[in-house]
Amino acid sequence: DAKTTQPNSMESNEEEPVHLPCNHSTISGTDYIHWYRQLPSQGPEYVIHGLTSNVNNRMASLAIAEDRKSSTLILHRATLRDAAVYYCILRDLQGAQKLVFGQGTRLTINP
Amino acid sequence: DSGVTQTPKHLITATGQRVTLRCSPRSGDLSVYWYQQSLDQGLQFLIQYYNGEERAKGNILERFSAQQFPDLHSELNLSSLELGDSALYFCASSGGLAQETQYFGPGTRLLVL
């Protein structure tokens with residue numbers, strides 16, 4: 001499975017935008033970029049995914065670099081409830097369905 | 001609420017014992033996945049079942065086994081428990097075999113003393 005690299009931790013303030021980076025320099029053409037997050041004492045939950053174009057949903061936006069070697073998860077107005085570990089995961093369309101989690105980025109939101 | 005339920009929420013047992021963790025997938029989901037989360041190893045995939053059949057295996061120990069029943073609920077059996085088996089065990093489900101979103105349950109926290 002292609003690997004991703006994320007900062008161990010990030011900190012932001014409530015109601016400010018947050019940009020969570022992910023590097024995936026060995027990404028293949030059939031790899032989708034998925035983001036999951038794990039709130040304290042909960043199971044992981046899906047956030048967003050994309051292939052080449054930027055994507056938006058009610059939770060976040062995903063900005064994908066033109067060469068696809070990096071991506072950024074954007075939380076437009078962080079709330080205290082967004083404090084979680086965020087995982088950037090590559091999923092091959094033709095590959096196994098399992099999720100391969102890295103260490104993720106622990107996001108702290110200051111009030 | 002993801003729609004995936006897991007029981008029990010907490011389990012405390014002794015080394016050498018055997019326990020069974022239960023998972024009910026979201027209504028209509030055919031695939032069930034088991035993951036283990038420990039402090040040193042992070043979140044790791046154990047095993048996947050699809051419509052009653054084993055589909056994929058990850059880093060699952062031989063002391064561990066799982067099955068998926070006709071009603072699609074799944075059980076993870078852990079035997080000859082060791083201290084190092086203490087972890088959070090998550091079940092997830094998805095619709096089928098495509099690269100769909102996985103929905104996770106709240107987990108079972110296992111403590112082996």
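The sequence lines fix the lettering, A, B, ..., with proteins before strands; numbering per chain opens at 1.
- Hydrophobic clustering, with ILVMFWY side chains joined whenever heavy atoms are under 4.5 angstrom apart, groups B:Leu43 together with A:Tyr46.
- By the neighbour-count criterion of 12 heavy atoms within 6.0 Å, atom CG of A:Asn8 is sparsely surrounded, having that number or fewer from other residues, nucleotides or ligands.
- Nearest heavy atoms, B:Phe90 versus A:Gly43: CE2-CA, 3.3 Å.
- To the nearest 0.5 Å, the span separating OG on A:Ser41 from NZ on B:Lys9 amounts to 12.0 Å.
- For A:Tyr87, the part sitting under 4.5 Å from any heavy atom of chain B is the side chain, from C-beta outward, and nothing else.
- Distance check: A:Arg91 CZ to B:Thr101 OG1 gives 7.5 Å after rounding to the nearest 0.5 Å.
- Ranked by heavy-atom pairs shorter than 4.5 Å toward chain B, the options A:Gln38, A:Gln42, A:Gln103 are led by A:Gln38.
- With hydrophobic clusters built from ILVMFWY side chains whose heavy atoms lie under 4.5 angstrom apart, A:Ile74 does not share a cluster with A:Ile48.
- Annotation for B:Leu39: atom CG does not count as buried by contact number, only 12 or fewer foreign heavy atoms lying within 6.0 Å.
- For A:Arg106, the CZ atom sits in a loose shell: 12 or fewer heavy atoms of surrounding residues, nucleotides or ligands are nearer than 6.0 Å.
- No donor-acceptor distance shorter than 3.5 angstrom exists from the side chain of B:Tyr33 to the backbone of A:Leu99, with no hydrogens or angles considered.
- In the hydrophobic clustering of ILVMFWY residues, with side-chain heavy atoms under 4.5 Å counting as a link, A:Phe101 and A:Leu90 come out apart.
- Cluster annotation: A:Leu80 is connected to A:Leu20 through the hydrophobic network of ILVMFWY side chains, with a link wherever side-chain heavy atoms come within less than 4.5 Å.
- At a 4.5 Å heavy-atom cutoff, B:Arg109 makes no contact with chain A through either its backbone or its side chain.
- In this structure, the separation between CD1 on B:Ile47 and NZ on A:Lys98 is 12.0 Å, given to the nearest 0.5 Å.
- Within the 4.5 angstrom heavy-atom criterion, only side-chain atoms of B:Tyr35, from C-beta onward, approach chain A.
- Proximity to chain A (any heavy atom under 4.5 Å) is restricted, for B:Gln37, to the side chain, taken from C-beta onward.
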Applying side chain to side chain contact (heavy atoms under 4.5 Å, CB included) to A:Tyr36 and B:Gln102, what does each step give before you reach the verdict? CA-CA 10 Å; A:Tyr36 279 72; B:Gln102 291 184 20; 3.9 Å; yes

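- In the hydrophobic cluster analysis, where Ile, Leu, Val, Met, Phe, Trp and Tyr join through side-chain heavy atoms closer than 4.5 angstrom, A:Met10 is grouped together with A:Met59.
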